[in-house]
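The next block holds one structure in the form of structure tokens; read it before the comments.
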Amino acid sequence: MTSRLPGKAPGPLDAAAQAMPAAFLRESQATGPSVSIRSAAEWTFDPWMDAAVRGQSLEREADSAADGAAASGSGSERQSRLHMASTAAQPSWRETGNLRGNPPVRDHDHPPNIDVIEDQAVYQERLEAARALYRNQVARANSLLDGNGNVTDHRYWFARVYSLVTRGEIGEALNQSFYYPSYVLQCVRVFEQIYADNFDAATSGSTVEDHWREAFRVCADNERLTWDDIAVAGLSVIGGAGVGAGIGAGVGSVVPAAGTAAGAGAGAVAGAIGGLLAAPAVARAYAATESLVAAMLAHIRFDLPRAEAWVFQTTYRGQGSASIDDFQPDFNSMTDVFEQAAGQMNADIAERTGAPVELLPRILQDMAMELWFEANMASERADTWARVDALVKHDLAGDSPYREGLDGALIGNIAIGDHSSGLRAIPDWSLRPSMEKPADLLSDDDVREDIARRGSAAFARLRASQRVIRLRALIAGFTGNDDEQAILTLLRVSVANRDLVTVIDGANAWDLANSTHGAQFVALRALLRQHYYPDTSASMAFALIRRCMDGATAEWEEQMVADLLVDRSDGGYLLVRIGEFYEGGGFEEGLNKVQWQLDGGDQRRVDDVHEP
């Protein structure tokens, strides 16, 4: 048997081991009920965020990351202008002078566009700035707790998860998950400044942008309610229907149009766990979740598209043939960051509200998204990039309100003036963001009829973001044979366009596989193995493996896990991450976990490649 042991396997393992210590992986990936409530004084900064404490300089981090990337060559989109042309006739990224020093890039040879400048000095400056703002985010969340760790302001829930997202994005930058880490870190800075400006304005009673005013209103309403009283007052029987009716009546009396949805969701939860959950805990968890989701939607619908567009226009638009499309793969590669932050936040909500982490928080979060806001996070992110596309394509983003200060901070204030007019002017009115509802989803009938009427060639001319939206429409709800054939048509068009990885990252490979059956699933799996699994980022591959392995694992999910570990050159590194995440160990623990999770032929396939 050929063993791909840690440190020997192709892939970014060596860089990751140096750039992201095991302690960081263990803490950042913990999602179980091990989160303990800490007071503001006890919630300290993370040692890995301080280069002096870590005992290594930023230069050493970048050098070690670059060594791993050069050894791996994995994760390429295979869609760059360099790769699409004759590689022998074109200079390499480094030969152009645009890859400067050794920043921890995902691929030295085949980035989406070799005209984009990635400079180690710029990366290091932005990394330090991101670390500093992370510390500020931790302090801000701490300020919303009392000395015993109790939440005193419902803005805490988003402030806390936002710090987890920033922490994860920094970790993935160190872990070579991005083609252009300097771009990602600059977006992190602008995202944060938009939120900080609105948070500070709300705290001081100054002008706040409309979407954040609404999100903060939801938080304030939840603070003023005595949720124990509301839940208990509406109950005569502790059980599914009783809990649902009680909380539905309580919420509905205060939050317009929310009572029915909240009651239905809470009733389903309470019925599912057989009345073992006390009603006050349901109510407290719903209050926390509603506050969190409202802020999440303000952030993703309004702030993310503007920040991405402003960073591109301010720094990257004039770099040769650089386009906003070149940065979509990095945006999609953040999927695992958001999922892990959500998992950690579920544990935090559970502990601070008394709800059981094993079931309630994730169900509540999903129901709040689907029922209260009619939202789906994967679709929300697809819509976000479509908004970025529209802002840049139609020159609607306007000038960024921020500029660089001498001390590494951004200067400007988004709460002064109107910086949302471009979003309101997007030609596709369905993409104009609203706090009340998501973008209007195309129907699967519309997509199928459009393919039949115009033919697949017309869809080759669609931007990747538009194909992602159509795929999300096809997998919403029940999928029949016609839907599955349409999915395959769009994916085959994307193969020809050389942007399949970007499209599937946006649509989510797990969702696509879960929505296909029979011969269509067999065809999809073959396409994924040949064109997608070898080339998606390690971060996305790990996210897919986690999603398959969490909970009951279906046969097709076992196949996906085995395919990813066998088809990729960095399967050994993925086993290390699995071992860290699930067992607090490394390669051996990861292999043992996978062996336990898989059976039959899928287990043997993994063993043949990875077992010593």
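Position 1 is the first residue of the sequence; numbering continues from there.
Scanning all heavy atoms of the two residues, the minimum distance from Ala390 to Leu396 falls at O-CD1, 4.3 Å. Nearest heavy-atom pair, Trp93 versus Asn113, reported as atom, atom and distance to 0.1 Å: NE1-O, 4.4 Å. Residues Leu185 and Ala173 share a closest heavy-atom pair of CD2-CB, 4.3 Å. When every heavy atom of Asp325 is checked against every heavy atom of Arg463, the shortest pair comes out as OD1-NH2, 2.6 Å. What you find for Arg387 and Leu431 is that their closest heavy atoms are NE-O, 2.6 Å. Closest non-hydrogen pair, Ser177 versus Ser537, comes out as O-CB, 4.2 Å.
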Could you walk me through whether Tyr582 and Gln597 pass the side chain to side chain contact (heavy atoms under 4.5 Å, CB included) test, one step at a time?
CA-CA 12 Å; Tyr582 289 104; Gln597 198 89 20; over 6 Å; no
Show your working on side chain to side chain contact (heavy atoms under 4.5 Å, CB included) between Asp348 and Trp157 and close with a plain yes or no.
CA-CA 9 Å; Asp348 194 64; Trp157 305 111; 3.8 Å; yes
Please evaluate residues Arg306 and Asp303 with respect to the criterion salt bridge (Lys or Arg N to Asp or Glu O under 4.0 Å), reporting the C-alpha separation (whole Å), side-chain torsions for both, the decisive distance (0.1 Å), and the verdict.
CA-CA 5 Å; Arg306 293 184 297 173; Asp303 295 356; 2.8 Å; yes
Applying salt bridge (Lys or Arg N to Asp or Glu O under 4.0 Å) to Arg189 and Glu404, what does each step give before you reach the verdict?
CA-CA 11 Å; Arg189 296 177 67 201; Glu404 296 287 344; 3.0 Å; yes
Can Glu172 and Arg577 be said to form a salt bridge (Lys or Arg N to Asp or Glu O under 4.0 Å), step by step?
CA-CA 13 Å; Glu172 291 300 339; Arg577 291 194 70 167; 3.2 Å; yes
Show your working on side chain to side chain contact (heavy atoms under 4.5 Å, CB included) between Gln328 and Ile324 and close with a plain yes or no.
CA-CA 7 Å; Gln328 188 175 1; Ile324 191 62; over 6 Å; no
Show your working on side chain to side chain contact (heavy atoms under 4.5 Å, CB included) between Ser333 and Arg106 and close with a plain yes or no.
CA-CA 11 Å; Ser333 293; Arg106 173 171 158 183; 3.2 Å; yes
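For the atom pair Leu527 CG and Arg492 CZ, the distance stands at 7.0 Å (nearest 0.5 Å). Distance CD1/Ile578 to CD/Glu580: 11.5 Å, rounded to 0.5 Å. Atom OH of Tyr123 is separated from atom CZ of Phe178 by 10.0 Å, given to the nearest 0.5 angstrom. Atoms CD and CD1, from Gln193 and Ile411 in turn, are 10.0 Å apart once rounded to the nearest 0.5 Å. Atom CD1 of Ile469 and atom CG of Leu490 lie 12.0 Å apart (nearest 0.5 Å). To the nearest 0.5 Å, atoms CG (Asn413) and CG (Asp197) are separated by 4.0 Å.
Side-chain contact annotation: Arg472 with Ser379, donor-acceptor N/O pair under 3.5 Å present. A side-chain donor from one of Thr536 and Asp505 sits under 3.5 Å from a side-chain acceptor of the other. Side chain to side chain, Glu588 and Asn592 fail the donor-acceptor criterion of an N or O pair below 3.5 Å. Asn175 and Ser539 form no side-chain donor-acceptor contact under 3.5 Å, judged by distance and modelled atom types alone. Judged purely by distance below 3.5 Å, without hydrogens or angles, the side chains of Gln559 and Asp563 never pair a donor atom with an acceptor atom. Ser163 and Gln137 share no side-chain donor-acceptor pair at under 3.5 Å.
Put simply, the side chain of Glu128 does not reach to within 4.5 Å of the side chain of Gln124, judged on heavy atoms. Leu491 is listed as a side-chain neighbour of Leu471, based on a closest heavy-atom distance under 4.5 Å. Using a 4.5 Å heavy-atom threshold, the side chains of Leu512 and Tyr532 count as separate. Looking at Met334 and Val184, their side chains come closer than 4.5 Å, going by heavy atoms from C-beta outward. The shortest side-chain heavy-atom distance between Glu192 and Leu410 does not fall under the 4.5 Å cut-off. You'll find the side chain of Val105 reaches within 4.5 Å of the side chain of Pro181, heavy atoms only. Within the 4.5 Å cutoff, the side chain of Asn136 has no heavy atoms near those of the Arg140 side chain. Looking at heavy atoms from C-beta onward, Leu304 lies out of side-chain contact with Glu380 at the 4.5 angstrom threshold.
Side-chain atoms of His299 do not come within 3.5 Å of backbone N or O of Phe158 as any donor-acceptor pair. In this structure, the side chain of Gln319 engages the main chain of Ile117 through a donor-acceptor pair within 3.5 Å. Side-chain atoms of Ser400 do not come within 3.5 Å of backbone N or O of Trp310 as any donor-acceptor pair. Between the side chain of Glu308 and the backbone N or O of Val388, no donor-acceptor pair lies under 3.5 Å. Proximity of a side-chain donor or acceptor of Asp570 to a complementary backbone N or O of Tyr573 within less than 3.5 Å is not detected. Judged by distance alone, the side chain of Arg126 and the main-chain N or O of Ser182 form a donor-acceptor pair under 3.5 Å. Checking side-chain atoms of Asp330 against main-chain N and O of Tyr180 turns up a donor-acceptor pair under 3.5 Å. Panel note: side chain Arg403, backbone Gly412; no donor-acceptor pair is recorded below 3.5 Å. Judged purely by atom type and a 3.5 angstrom limit, Asp107 uses its side chain to pair as donor or acceptor with the backbone of His110. Without hydrogens or angle criteria, Asn98 side chain to Ile114 main chain gives a donor-acceptor distance under 3.5 Å.
The ring-ring contact (aromatic ring centres under 6.0 Å, His included) check on Trp385 picks up Phe331, with sequence neighbours excluded. Ala562 is linked by a side-chain contact (heavy atoms from CB on, under 4.5 Å) to Leu598, Asp602, Arg605, Val606, counting only residues two or more places apart in sequence or in another chain.
Considering Asp383, Thr384, Ile300 as possible partners of Pro305, the one that fulfils the side-chain contact (heavy atoms from CB on, under 4.5 Å) test is Thr384.
Aromatic ring centroids of Tyr316 and Phe327 lie under 6.0 Å apart.
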